[in-house]
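Below is one structure, written out as structure tokens; comments come after it.
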Amino acid sequence: APIRAGLLLVGPDEDVVVNLYLAVLGRWPDEGGFANYMAFLAQGPGQRARMFEDLRHSEEARLGGIPVNPDLTPGSDTEALAAQLRLRTRWFQGEIARLRARPAGGTDTALAEELAIARQELSAMRAEHAARFAAVEAMLTG
């Protein structure tokens with residue numbers, strides 16, 4: 001089932017930008033897009049839903065985007081973090097598979113370096129989300 005848009009709008013602005021790019025466009029945000037949407041989100045909390053609609057109706061999304069459930073109901077922090085972790089993990093796994101599928105030939109060292117970087121980023125992301133889950137769990141258990 002497609003991820004619910006509201007689950008992508010929970011968290012810091014940086015995460016919202018990355019989450020929406022990954023979910024709607026299927027890719028990590030480029031530097032210009034990231035900066036543009038960070039400035040856009042700085043205008044206020046209502047901008048998150050507008051950013052989703054903007055990306056969802058973009059030409060890039062129409063040409064090859066990923067289906068996202070447009071329901072903007074946010075859900076609990078734990079539910080949102082779990083959905084975001086699944087989204088990012090799937091993206092990193094796809095990137096690793098893409099790198100592994102590249103043809104062999106003088107780029108083995110470059111490929112190994114790219115895989116190592118992707119694994120480090122995935123590990124860092126898992127540690128970050130584990131810390132967030134622990135904080136949410138601590139809040140819930142009082």
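Every value quoted in this text rests on a predicted model; they were computed, and no experiment measured them. When a residue number appears, it is its place in the shown sequence, counting from 1.
Distance alone, capped at 3.5 Å, places no donor-acceptor pair between the N36 side chain and the G32 backbone.
In this structure the side chain of R88 reaches within 4.5 angstrom of the side chain of L22, judged on heavy atoms. Here the side chains of P29 and V18 are in contact, with some heavy-atom distance below 4.5 Å. Contact check for L85 versus L81: no side-chain heavy atoms found under the 4.5 Å cut-off. Proximity of I66 to R27: side-chain heavy atoms (C-beta onward) are nowhere separated by under 4.5 Å.
Checking V10, L8, V16 one by one against R48, the side-chain contact (heavy atoms from CB on, under 4.5 Å) holds for a single residue, V16.
Smallest separation of non-hydrogen atoms from V68 and A23: CG2-O, 3.3 Å. Between Y37 and V17, the closest heavy-atom pair is CB-CG2, 3.9 Å. Residues L72 and A5 share a closest heavy-atom pair of CD2-CB, 3.8 Å. Closest of all the heavy-atom pairs between L20 and M51 is CD1-SD, 3.7 Å. For G33 against Y21, the heavy-atom pair with the smallest separation is CA-OH, 3.3 Å. Considering all non-hydrogen atoms of both residues, E79 and S76 come closest at N-OG, 3.0 Å.
Hydrophobic cluster membership is shared by F92 and V24, with clusters built from Ile, Leu, Val, Met, Phe, Trp and Tyr side chains linked at under 4.5 angstrom. Residues F52 and L87 are members of one and the same hydrophobic cluster, defined by side-chain heavy-atom contacts under 4.5 angstrom among Ile, Leu, Val, Met, Phe, Trp and Tyr.
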Could you go through L140 and T78, starting from their C-alpha distance and side-chain angles, then the distance that decides it, and tell me whether this counts as side chain to side chain contact (heavy atoms under 4.5 Å, CB included)?
CA-CA 10 Å; L140 294 173; T78 303; 4.0 Å; yes
Begin with the C-alpha distance, continue with both residues' side-chain angles, and end with the deciding distance and a verdict on side chain to side chain contact (heavy atoms under 4.5 Å, CB included) for R132 and D15.
CA-CA 13 Å; R132 286 183 181 185; D15 287 341; 2.4 Å; yes
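In this structure, CD on E60 lies 8.5 Å from CG on L55, to the nearest 0.5 angstrom. Interatomic distance, CG of D77 versus CZ of F133, reported as 10.0 Å (0.5 Å rounding).
For the pair R98 and E95, the salt-bridge criterion is met [side-chain N within less than 4.0 Å of a carboxylate O]. No salt bridge links R62 with E59; every basic N to acidic carboxylate O contact stays at or beyond 4.0 Å.
The number of heavy-atom neighbours closer than 6.0 Å to CD of Q43, taken from other residues, nucleotides and ligands shown, is above 12.
Legend: ring pair (Phe, Tyr, Trp, His ring centres under 6.0 Å) pairs involving residues 53-91, not counting sequence neighbours, sorted by first then second residue: W28-W91.
Side-chain contact of Q47 with R50: a donor-acceptor pair under 3.5 Å is present, judged by distance alone.
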